[in-house]
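Data block below; observations after.
Throughout, residue positions are numbered sequentially from 1 according to the sequence presented. Excluded from the calculations below are hydrogen atoms, water molecules and symmetry mates; all remaining heavy atoms, backbone and side chain alike, are included. Predicted model, so just to flag it, every value in this text is computed and none were measured.
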Amino acid sequence: MEKIMELVLQKDSPSADQWLKEAKQASGAPQEGMFLLHNGVVRRTPKAQVRAGVEDGGPVREMDFSFDAAGVREAIRETGAMEGIWCVKVWLNQGRLQVGDDIMYVLIGGDIRPRVIDALQFLVEWIKTRCVTETEIR
């Protein structure tokens with residue numbers, strides 16, 4: 001059975017409905033009991049304020065966002081190697097983003113809830129800490 005392991009390189013945000021439809025039609029689908037979808041968006045509240053309570057410089061107006069595709073592909077491979085994971089699909093935006101714009105979509109499919117949750121946390125953390133550059137503009 002084939003796993004879905006994919007970095008989607010397209011300009012516009014993907015369709016979550018289409019991603020789920022494709023995942024459910026893949027040959028590994030009978031092994032999957034759960035899908036989780038993460039949709040990160042640009043928020044007005046600065047990261048430092050949300051994470052550490054530090055208010056500095058006012059609200060976010062825009063964000064410059066870029067990513068290392070090779071690093072994301074490595075993260076996808078590592079996540080796909082986790083026990084019980086059959087689907088890993090990632091899309092990342094690029095360029096100057098506005099508040100409310102999509103930053104990323106991540107779809108994880110696997111056999112049981114604990115493995116799928118762990119895989120989603122693992123992958124998003126890897127991408128956010130090793131693969132992306134985010135610059136908030138106020």
Side-chain angles (χ1 to χ4, degrees):
M1 282 180 270
E2 187 176 328
K3 292 185 175 190
I4 295 174
M5 302 291 130
E6 183 178 10
L7 171 59
V8 176
L9 297 173
Q10 66 185 42
K11 182 177 171 43
D12 297 324
S13 300
S15 163
D17 289 337
Q18 184 63 35
W19 274 20
L20 285 167
K21 182 178 178 180
E22 292 168 5
K24 290 177 181 179
Q25 292 174 349
S27 64
Q31 306 302 321
E32 294 169 313
M34 179 180 190
F35 291 95
L36 282 178
L37 179 73
H38 167 78
N39 175 214
V41 299
V42 179
R43 71 177 167 267
R44 185 165 307 284
T45 308
K47 185 187 294 189
Q49 184 176 346
V50 172
R51 296 191 185 240
V54 176
E55 293 188 40
D56 181 26
V60 172
R61 291 184 296 110
E62 300 174 311
M63 173 187 287
D64 282 333
F65 186 84
S66 62
F67 65 93
D68 167 29
V72 175
R73 285 186 182 97
E74 181 182 356
I76 291 169
R77 278 191 302 277
E78 290 291 324
T79 305
M82 296 173 79
E83 187 175 358
I85 301 304
W86 287 87
C87 175
V88 182
K89 201 162 182 166
V90 176
W91 171 86
L92 296 160
N93 209 338
Q94 295 187 85
R96 178 71 51 103
L97 309 179
Q98 306 300 309
V99 171
D101 284 351
D102 294 322
I103 297 172
M104 73 170 66
Y105 276 84
V106 174
L107 178 66
I108 302 286
D111 57 2
I112 59 174
R113 180 179 36 84
R115 291 179 181 162
V116 176
I117 291 169
D118 288 349
L120 180 69
Q121 289 179 322
F122 173 82
L123 179 57
V124 172
E125 182 69 18
W126 181 314
I127 290 170
K128 295 286 284 182
T129 60
R130 300 184 194 183
C131 302
V132 304
T133 302
E134 299 174 307
T135 304
E136 297 175 334
I137 300 164
R138 299 180 201 181

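Sparse packing is recorded around CD of Glu2, with 12 or fewer heavy atoms of other residues, nucleotides or ligands lying under 6.0 Å away. Counting non-hydrogen atoms of neighbouring residues, nucleotides and ligands closer than 6.0 angstrom, the CD atom of Glu83 reaches no more than 12 such neighbours.
Atom CD of residue Gln25 and atom CD1 of residue Ile4 lie 9.5 Å apart, to the nearest 0.5 angstrom. Put simply, OG1 on Thr135 and CD on Glu62 are 12.0 Å apart, with the number rounded to the nearest 0.5 Å. To the nearest 0.5 Å, atoms CG (Leu36) and CD (Gln121) are separated by 9.5 Å. From Glu136, atom CD reaches atom CG of Leu97 across 11.5 Å, with rounding to the nearest 0.5 Å. Taken from CE in Met63 to CG in Asp101, the straight-line distance is 10.0 Å, to the nearest 0.5 Å. Remark: Arg73 CZ to Met5 CE distance equals 14.5 Å, nearest 0.5 Å.
One hydrophobic cluster, built from ILVMFWY side chains closer than 4.5 Å, cannot hold both Val54 and Val60; they sit in different ones. Using a 4.5 Å cut-off between side-chain heavy atoms of Ile, Leu, Val, Met, Phe, Trp and Tyr, with links allowed through other members, Trp86 and Ile112 fall into different hydrophobic clusters. Hydrophobic clustering of Ile, Leu, Val, Met, Phe, Trp and Tyr side chains at less than 4.5 Å, counting indirect connections, unites Val124 with Val42. Linking ILVMFWY side-chain heavy atoms closer than 4.5 Å, directly or via other members, places Val90 and Met34 in a single hydrophobic cluster. Linking ILVMFWY side-chain heavy atoms closer than 4.5 Å, directly or via other members, places Val72 and Met82 in a single hydrophobic cluster.
Looking at Trp91 and Asp102, their side chains come closer than 4.5 Å, going by heavy atoms from C-beta outward. At least one side-chain heavy atom of Asp64 sits less than 4.5 Å from a side-chain heavy atom of Arg96. The shortest distance between side-chain heavy atoms of Gln31 and Asp111 does not fall below 4.5 Å. At a threshold of 4.5 Å between non-hydrogen side-chain atoms, the residues Ile103 and Asn93 do not count as touching. The shortest distance between side-chain heavy atoms of His38 and Leu123 does not fall below 4.5 Å.
A search for ring pair (Phe, Tyr, Trp, His ring centres under 6.0 Å) contacts involving Trp19 returns nothing, not counting sequence neighbours.
The shortest non-hydrogen separation linking Val99 to Arg44 is CG1-N, 3.9 Å. Of all heavy-atom pairs between Ala26 and Pro30, the closest is O-CD, 4.1 Å. Between Glu6 and Ile76 the shortest heavy-atom distance is O-CD1, 3.6 Å. Heavy atoms only, all atoms of each residue included: Cys131 and Gly71 are closest at SG-C, 3.4 Å. Contact record, Ala16 with Tyr105: CB-CE2, 4.4 Å, taken as the closest heavy-atom pair. Considering every non-hydrogen atom in both Phe35 and Ala23, the closest pair reads CE2-CB, 3.5 Å.
A tilted orientation is assigned to the rings of Phe65 and Phe67, their planes being inclined by 30° to 60°.
Looking at Lys3, its side chain does come within 3.5 Å of a backbone N or O of Ile85 through a donor-acceptor pair.
With respect to Glu134 and Lys47, a salt bridge is recorded, a charged nitrogen being found less than 4.0 Å from a carboxylate O.
Results of the side-chain contact (heavy atoms from CB on, under 4.5 Å) test with Ile127 over Val132, Thr79, Asp68 single out Val132 as the only residue that passes.
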- Could you walk me through whether Lys128 and Met104 pass side-chain contact (heavy atoms from CB on, under 4.5 Å), step by step? CA-CA 10 Å; Lys128 295 286 284 182; Met104 73 170 66; 3.7 Å; yes

